2 protein chains.
Amino acid sequence: MNNITSNHYNLDKCNNCPVRDLSFCNALDNGALEEFSALSKTKSFQDGQLIFSEGKTNEYLGSVILGIVKIYKLLDDGRQQIVSLGFPGDMLGNIIDSEYNYFAESVGDTKICFYQVARINNFAESNPAIYRSILGKTTEQLGHAREWLLLLGRKTAQEKIASFLLLLAEHHKGDSPNQAFKIPLKRQEIADFLGLTIETVSRHFSNLKSKQLIREYAGHMLTIVDYDQLKSLA
Amino acid sequence: MNNITSNHYNLDKCNNCPVRDLSFCNALDNGALEEFSALSKTKSFQDGQLIFSEGKTNEYLGSVILGIVKIYKLLDDGRQQIVSLGFPGDMLGNIIDSEYNYFAESVGDTKICFYQVARINNFAESNPAIYRSILGKTTEQLGHAREWLLLLGRKTAQEKIASFLLLLAEHHKGDSPNQAFKIPLKRQEIADFLGLTIETVSRHFSNLKSKQLIREYAGHMLTIVDYDQLKSLA
DNA sequence: GGGTGAAATTGACATAAATCAAATGGCGCA
DNA sequence: TGCGCCATTTGATTTATGTCAATTTCACCC
């Protein structure tokens with residue numbers, strides 16, 4: 001995202017952007033909300049498309065509107081760790097640092113709403129609710145990151161897989177408890193999220209299937225058959 | 001920290017508290033700083049003393065003044081993961097959540113400055129610099145947490161140990177590059193920070209010593225003999 | 001100075017997960 | 001229908017780290 005206004009990004013202004021209901025600006029009163037939303041622009045990304053890179057100037061703050069974004073870090077030799085999954089309503093990036101510290105990539109097709117960091121900072125000076133809201137989002141992300149530290153540092157592969165499936169299920173809570181949903185990540189991405197290899201992930205999926213705790217069919221549609229027992233493994 | 005005002009905590013007001021130079025309130029102008037600092041109280045803790053617990057009401061925001069605080073999470077069976085080390089100047093807790101999500105414990109003797117969350121929130125409404133400053137601290141902690149996700153998920157035991165030693169060395173940067181310093185954590189705590197067992201930690205310390213990359217003496221005083229080579233292992 | 005107990009080290013062995021390698025499955029497309 | 005390309009699964013084997021069990025070190029204190 002070197003230059004968000006360059007025409008190949010196909011931006012369109014989103015005066016009535018869903019971000020209002022989803023995102024960090026929902027703390028504003030109506031007048032301020034109008035003004036703030038006018039600063040935003042949405043953009044669509046395809047599966048695997050790079051959204052921003054470590055080291056690049058932190059010019060835009062994003063808000064995921066549709067789809068999932070993976071935030072990851074790399075070691076020199078290519079080892080990868082996904083440090084966060086951005087679901088709709090989640091904030092992307094921050095308004096503090098001068099550079100991005102991570103890579104962000106679209107998982108499946110996504111839609112993201114962007115705000116200029118400079119303008120947000122400017123706007124927030126006279127609207128503490130913006131700071132407060134962004135602080136809330138950041139604190140939430142810190143909580144998730146620390147939950148994942150516990151998972152990566154202390155859980156077994158089976159526990160990791162179970163926790164991951166329950167995390168996904170959380171994002172379908174509106175549906176019935178055992179509602180089927182599509183696993184949005186490839187096996188390699190799951191491995192990079194859980195600090196495992198693709199083979200270990202695959203083996204434990206097979207394991208859970210043979211134990212009849214989950215069912216998978218038709219291109220990674222998943223049903224959690226026994227939610228409670230899966231939870232006891234996490 | 002059930003009740004910070006109970007007398008056994010031995011609180012004393014810190015009108016001229018070092019937190020001013022170290023902490024999240026240094027963004028304020030002098031007038032506001034006076035007012036804000038007056039809300040703080042310092043307290044001392046001994047090695048191993050519990051500072052706050054998961055599930056307790058989030059009544060106080062802390063700022064580490066002296067010593068080191070470990071923030072950790074537990075699994076039901078007692079497995080522990082340290083998710084953050086709080087060094088002087090670091091913020092402890094947050095002003096968003098209604099409950100603490102972690103355990104905090106003193107590593108060695110510490111001194112911590114506390115503010116009432118309710119009063120900070122109140123004060124910040126008319127002082128966006130406070131929100132901004134706390135947001136900066138939180139964003140920084142998120143960055144550290146994600147760096148550690150990479151370490152826990154993808155680094156080998158040797159790389160973890162090397163990274164840990166370099167982290168400690170970072171906090172002695174004022175000194176000469178190869179300045180000796182005391183390792184503040186016990187082996188078990190290092191293990192809980194790195195997602196390893198105590199035996200693995202010990203073995204890799206022995207390893208680094210036999211390779212002459214580090215020296216340890218007189219009660220865990222440490223010298224990094226070959227900084228560059230240690231860095232290449234991290 | 002010798003005794004005590006916690007912390008750290010070391011050794012022998014077990015095992016979960018990684019690695020290497022092959023087979024299978026699924027999907028778009030000619 | 002069948003080819004080609006990935007993604008996934010499965011199998012065989014290795015290895016890093018965990019586990020269990022002594023032993024050693026060291027700080028502290030009488």
Side-chain angles (χ1 to χ4, degrees), chain A residues 46-48 70 75 77-81 105 107-109 151-165 182-211 214-222 233-234, chain B residues 46-48 70 75 77-81 105 107-109 151-165 182-211 214-222 233-234:
Chain A
Q46 299 174 320
D47 183 35
K70 65 175 177 183
L75 290 173
D77 60 5
R79 280 175 287 174
Q80 177 171 148
Q81 179 65 47
E105 197 180 302
V107 175
D109 295 344
L151 177 140
L152 291 179
R154 289 306 187 199
K155 289 191 181 175
T156 65
Q158 189 177 64
E159 291 170 326
K160 287 175 176 182
I161 299 282
S163 300
F164 170 70
L165 292 176
K182 188 174 183 313
I183 300 180
L185 306 190
K186 294 192 184 70
R187 292 290 191 265
Q188 182 60 60
E189 293 173 316
I190 298 173
D192 288 338
F193 192 34
L194 301 179
L196 298 170
T197 60
I198 185 175
E199 293 95 333
T200 299
V201 170
S202 183
R203 272 183 244 278
H204 283 277
F205 263 92
S206 299
N207 214 300
L208 291 174
K209 281 181 223 166
S210 74
K211 285 200 213 155
I214 61 174
R215 280 198 324 128
E216 206 185 10
Y217 53 95
H220 299 172
M221 285 300 291
L222 185 107
L233 295 183
Chain B
Q46 298 174 321
D47 183 36
K70 63 174 177 184
L75 290 173
D77 60 5
R79 280 175 285 175
Q80 176 171 149
Q81 179 66 46
E105 197 180 302
V107 175
D109 295 345
L151 176 140
L152 291 180
R154 289 305 186 199
K155 290 191 182 177
T156 64
Q158 187 178 68
E159 291 170 327
K160 287 174 174 182
I161 299 283
S163 299
F164 170 69
L165 292 176
K182 189 174 182 312
I183 299 179
L185 305 191
K186 295 189 182 72
R187 292 291 191 263
Q188 182 60 62
E189 293 173 317
I190 297 173
D192 288 338
F193 192 35
L194 301 178
L196 298 171
T197 59
I198 184 175
E199 294 94 334
T200 299
V201 170
S202 184
R203 273 183 243 278
H204 282 279
F205 263 91
S206 299
N207 213 299
L208 291 174
K209 281 180 224 165
S210 74
K211 286 199 214 154
I214 61 174
R215 279 196 326 127
E216 206 185 8
Y217 52 96
H220 300 172
M221 286 299 293
L222 184 107
L233 296 184

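Throughout, protein chains are lettered first and strands after them, A, B, ... in sequence-line order, and every chain is numbered starting at 1. Below, all heavy atoms of this structure are taken into account, side chains as well, without hydrogens, waters or symmetry copies. Quick caveat: nothing in here was measured; it's all calculated off a predicted structure.
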Identify, residue by residue, the members of residues 196-204 of chain B with a heavy atom below 4.0 Å from DNA chain C, and return them in order of residue number, or none.
B/Glu199, B/Ser202, B/Arg203
Can you tell me how far apart CD1 (A/Ile198) and CD1 (A/Ile190) are? Round to the nearest 0.5 Å.
9.0 Å
Can you sort out the partners of B/Gln80 under side chain to side chain contact (heavy atoms under 4.5 Å, CB included), two or more places apart, ordered by chain and number?
B/Lys70, B/Tyr72, B/Leu74, B/Ile82, B/Asp192
side-chain hydrogen bond (donor to acceptor under 3.5 Å, both in side chains) filter on A/Lys209, not counting sequence neighbours, yields A/Glu216
When you measure from the side chain of B/Arg79 to the backbone N and O of A/Arg154, does any donor-acceptor pair fall under 3.5 Å?
yes
Can you tell if the side chain of A/Gln81 reaches within under 4.5 Å of the side chain of A/Leu194, non-hydrogen atoms only?
no
To the nearest 0.5 Å, what is the distance between CG (A/Leu233) and CG (A/Leu208)?
7.0 Å
Between the OG atom in B/Ser202 and the CG atom in B/Leu196, the distance rounded to the nearest 0.5 Å is 12.0 Å
Contact boundaries of DNA chain D with chain B (under 4.0 Å, heavy atoms), 5' to 3'?
D/dT17 to D/dA27
Students should find that the nucleotides of DNA chain C closing off the region near chain B, any atom under 4.0 angstrom from a heavy atom, are C/dA7 to C/dA12
List the residues meeting side chain to side chain contact (heavy atoms under 4.5 Å, CB included) with A/Thr197, not counting sequence neighbours, and say none if there are none.
A/Glu199, A/Thr200
Listed partners of A/Lys155 passing side chain to side chain contact (heavy atoms under 4.5 Å, CB included), at least two apart:
A/Leu151, A/Glu159, A/Lys160, A/Ser163, B/Leu75
Rounded to 10°, the helix from C/dG1-D/dC30 to C/dA30-D/dT1 deviates from straight, judged by its five-pair end axes, by 30°
Walk me through whether A/Ile183 and A/Phe205 qualify under side chain to side chain contact (heavy atoms under 4.5 Å, CB included).
CA-CA 12 Å; A/Ile183 300 180; A/Phe205 263 92; 3.8 Å; yes
Restricting to side chain to side chain contact (heavy atoms under 4.5 Å, CB included), what partner residues turn up for A/Lys182, sequence neighbours left out?
A/Met221
The criterion is salt bridge (Lys or Arg N to Asp or Glu O under 4.0 Å); which residues satisfy it with A/Asp109, sequence neighbours excluded?
none
Looking at side-chain heavy atoms only, is the closest gap between B/Tyr217 and B/Leu222 below 4.5 Å?
no
Quick one, which residues of residues 151-165 of chain A touch DNA chain D with a heavy atom under 4.0 Å?
none
What one should report as the nearest heavy-atom pair of B/His204 and B/Ala157 is NE2-CB, 3.5 Å
